[in-house]
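The sequence lines fix the lettering, A, B, ..., with proteins before strands; numbering per chain opens at 1.
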Amino acid sequence: MHNTLTGNKEKLETLEPGKCGIYCCGPTVYDYTHLGNARAAVVPDLLVRFLRHQGYEVKYVRNVTDIDDKIIARSAEQGVEPAELAVRFTDAYHQDMSSLNTLDPDVEPRVSDTIDEIIDLVATLMDKGLAYDVDGDVYFRVTKFKGYGKLSKRSVDEMLEAAGSRIDVDERKETPLDFALWKAAKPGEPSWTSPWGEGRPGWHIECSAMSAKHLGDNFDIHGGGRDLIFPHHENEIAQSQGAHGEDTYARTWVHNGFINFAGEKMSKSLGNFFTTRELTAIFPPETLRYYLMTVHYRSGLNFDLEVTCPACHAVMDKEQQESAVCGSCGHETTAEILKKQVRFPSLEDADDRLAYIYSTLAAAGRFLETAKASASEVIVEGPVAEMLPAFVAHMANDLNSSGALGVLSKPLSEINTLLASGKGVNKDLRYATIAYFVTSMKEVAEILGCFGKDASEWLVQRRDMKAGRVGLDVTRVDELLVQRISARQEKDWTAADRIRDELAELGVTVQDDPTGSVWAFL
RNA sequence: GGCGGCAUAGCCAAGUGGCUAAGGCAACGGUCUGCAAAAUCGUCAUCCCCAGUUCGACUCUGGGUGCCGCCUCCA
């Protein structure tokens with residue numbers, strides 16, 4: 001794994017051989033999740049799945065931050081209690097992540113359940129002279145912790161010089177870099193009793209407390225989004241090592257890259273993002289998961305989208321979108337209509353590819369049900385036989401899911417060829433190869449959390465989902481299909497072609513094979 | 001301004017100090033098909049620029065250019 005702390009790719013050596021403790025920064029529950037949140041959950045999920053596949057006993061801890069400035073602010077806007085808001089979005093988070101087939105963490109601590117441990121940790125830091133209190137706030141004394149900056153590769157001196165240039169500094173702090181461990185309660189805010197008065201935890205202390213509680217002072221891997229490196233994770237290190245000693249805390253730091261939204265940073269404050277549930281209303285959730293895995297987890301990911309004019313279908317740029325006037329044909333529309341015109345080319349690609357993989361699996365499944373099993377032992381060789389080891393090797397190399405997925409291509413086409421025709425191939429070998437492929441793909445599916453559904457059902461669901469969304473009259477399609485099948489049986493090609501044109505007008509294409517016809521979207 | 005990252009075909013995206021630089025999409029040409037579609041086969045890049053290290057670099061070093069992120073809440 002690539003370790004942010006050292007900047008190098010390192011062989012993973014866990015504290016206890018065969019076991020691995022992972023802490024991952026989970027969500028702050030104040031809104032629905034977006035693709036970036038999804039990536040931050042899918043990446044550690046992939047890691048956990050892979051390590052388990054490799055035989056590790058993994059303890060996976062992912063927290064929920066349910067006490068936070070943003071939650072308080074949002075609940076004030078909506079006129080609900082912060083705790084109520086937090087519960088609502090915690091539930092939504094669970095639904096979204098479960099739709100993406102992420103495994104539940106083994107422990108999911110909440111800040112509100114960890115207050116005692118947080119207070120103890122702050123008290124320890126006070127005792128050691130690493131923290132001080134001012135008017136009920138407690139701050140970490142950054143200049144007293146000599147390793148500060150080692151994760152984000154910043155120097156305290158340089159940061160001190162730059163401090164104050166961008167934001168006003170709280171004069172009560174000893175140095176501008178000092179950060180809050182405990183915040184005095186303001187009227188109406190949720191608060192807990194502490195030695196420093198009524199208050200609540202600062203932003204960073206929770207993770208130090210929760211990881212120590214569930215994984216110990218030392219553990220193997222800490223994960224999160226790249227943006228958390230500074231200040232969040234840097235501060236966690238300062239707190240935890242300040243309290244527990246220099247050689248403690250996470251050994252390997254794993255950070256996933258950001259998702260850029262149409263070239264611009266995906267940001268809630270800009271408002272131009274799509275939530276996970278908006279996207280899973282359009283595409284099967286597994287498509288999102290698959291899409292996230294087509295790019296290496298440390299890379300930035302450009303989530304491209306396209307807005308086309310409802311009248312002339314020309315692509316509209318940002319300016320045209322804002323004015324809601326098409327630059328090509330001059331058509332005037334509204335933002336509401338334009339929102340429905342948004343297309344996601346990269347998700348469409350991912351969706352098609354996933355459908356190809358499932359179609360192959362479905363066909364392979366049908367073959368294995370009807371064909372005669374191998375009578376004799378045959379040795380499977382070639383791409384299908386090499387697939388799984390090559391796949392695993394890529395995954396072992398810093399979780400290279402993109403490289404790993406590339407390995408599947410040759411076997412898939414080999415299988416499709418074998419399914420289409422057994423010409424020149426030994427019957428037993430044909431069966432054995434297809435069976436071997438299906439078995440291998442089951443393991444791939446376990447690691448990826450993809451391709452694991454019943455293939456035929458998945459394809460039907462995907463089709464129905466789209467039919468429902470675009471308002472396709474499936475009954476009508478089926479009628480036409482029946483008519484066309486009989487026309488073809490009578491070799492009435494003109495009628496068959498006419499019906500095919502009608503289907504095309506409905507947005508549907510037909511695929512004929514010797515046994516009949518099926519339809520799909522154009 | 002400080003720190004970090006990235007720059008591979010029309011697009012997306014892996015990868016390596018030296019064998020044919022994965023894979024996908026698109027395109028083009030075959031096979032299959034009544035014709036199609038699907039499937040399948042084939043074609044399609046010398047790796048941002050300039051120096052250097054090396055027997056040899058796209059891969060290492062230095063410089064340049066461009067893009068992005070963090071430094072403030074953010075996955």
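Ring planes of His204(A) and His232(A): tilted class, angle from 30 to 60°.
The CD atom of Glu348(A) sits 19 Å away from the P atom of C11(B) (whole-angstrom rounding). Going from atom CZ of Phe258(A) over to atom C1' of G5(B) covers 13 Å, rounded to whole Å. Between the P atom of G15(B) and the CZ atom of Arg298(A) lies a distance of 9 Å, rounded to the nearest Å. Counting to the nearest Å, the C1' atom of C35(B) and the CD atom of Gln511(A) are 15 Å from each other. Taking atom CH2 on Trp493(A) and atom C1' on C35(B), their separation rounds to 9 Å, with Å as the unit. What separates CG of Asp501(A) from P of A37(B) is a distance of 13 Å, to the nearest Å. Distance Asn8(A) CG to G5(B) P: 11 Å, rounded to the nearest Å. If you measure from atom CG of Leu228(A) to atom C1' of G4(B), you get 15 Å, rounded to the nearest angstrom.
Within the nucleic acid shown, Lys491(A) has no heavy atom closer than 4.0 Å to any nucleic acid atom. Within the 4.0 angstrom heavy-atom criterion, only backbone atoms of the sugar-phosphate kind lie near Ser299(A); the bases stay farther away. Within the nucleic acid shown, Asp513(A) has no heavy atom closer than 4.0 Å to any nucleic acid atom.
The partner of C35(B) is absent, by the rule that a Watson-Crick or G-U pair needs both atom distances under 3.5 Å. Base pairing analysis places A22(B) opposite nothing; no Watson-Crick or G-U wobble pair with both distances below 3.5 Å involves it. Across all strands shown, nothing is found opposite A57(B) as a Watson-Crick or G-U wobble partner with both distances under 3.5 Å. Across all strands shown, the partner of G69(B) is C3(B), judged by Watson-Crick or G-U wobble contacts whose two distances both fall under 3.5 Å. Both distances falling under 3.5 Å, in either a Watson-Crick or a G-U wobble arrangement, place G62(B) opposite C50(B). Nucleotide C28(B) has G42(B) as its partner under the Watson-Crick or G-U criteria, with both atom distances under 3.5 Å. Pairing partner, A9(B): none, since no Watson-Crick or wobble contact has both distances short of 3.5 Å.
Of the listed nucleotides (A75(B), G34(B), A13(B)), A13(B) has the atom at the smallest distance from the side chain of Ser402(A). Out of A14(B), G24(B), C73(B), the shortest distance to the side chain of Arg353(A) is found at G24(B). Distance from the side chain of Thr509(A) is smallest to A37(B) among A37(B), G23(B), A75(B). For Asp349(A), the listed nucleotide lying nearest its side chain is C25(B); candidates were C25(B), C35(B), G23(B).
A donor-acceptor contact under 3.5 Å links the side chain of Asp512(A) to the base of C35(B). Between the side chain of Arg39(A) and the base of A75(B) there is no donor-acceptor pair of N/O atoms closer than 3.5 Å. Checked by distance alone, Asn400(A) brings no side-chain donor or acceptor within 3.5 Å of a matching partner on the base of G15(B). With hydrogens and angles ignored, a donor-acceptor pair under 3.5 angstrom links the side chain of Arg500(A) to the base of C35(B).
In terms of phosphate contacts, Tyr93(A) brings no side-chain nitrogen or oxygen within less than 4.0 Å of OP1 or OP2 of A75(B). Look at Asn37(A) and you'll find a side-chain N or O under 4.0 angstrom from OP1 or OP2 of A75(B). Regarding contacts with the backbone of C3(B), every side-chain N or O of Ser155(A) stays at 4.0 angstrom or more from both OP1 and OP2. In this model, the phosphate group of G2(B) is not approached by any side-chain N or O of Ser152(A) to a distance below 4.0 Å at OP1 or OP2.
Heavy atoms of other residues, nucleotides or ligands lying less than 6.0 angstrom from NZ of Lys186(A) number 12 at most. Crowding of Lys150(A) atom NZ: a count of heavy atoms from other residues, nucleotides or ligands under 6.0 Å exceeding 12.
The shortest heavy-atom contact between Gly225(A) and His255(A) is O-CD2, 3.4 Å. Nearest heavy-atom pair, Ile118(A) versus Glu206(A), reported as atom, atom and distance to 0.1 Å: CD1-CA, 4.0 Å.
Exactly one of Asp68(A), Asp31(A), Asp69(A) qualifies for a side-chain hydrogen bond (donor to acceptor under 3.5 Å, both in side chains) with Arg74(A). That residue is Asp31(A).
For Arg353(A) and Ser409(A), the side-chain atoms include at least one donor-acceptor pair closer than 3.5 Å.
Rounded to whole Å, the C1' atom of G18(B) lies 14 Å from the corresponding atom of C60(B). Comparing A9(B) with A14(B), their C1' atoms sit 14 Å apart, to the nearest whole Å. Taking atom P in both A22(B) and U43(B), one finds a spacing of 12 Å when rounded to whole Å.
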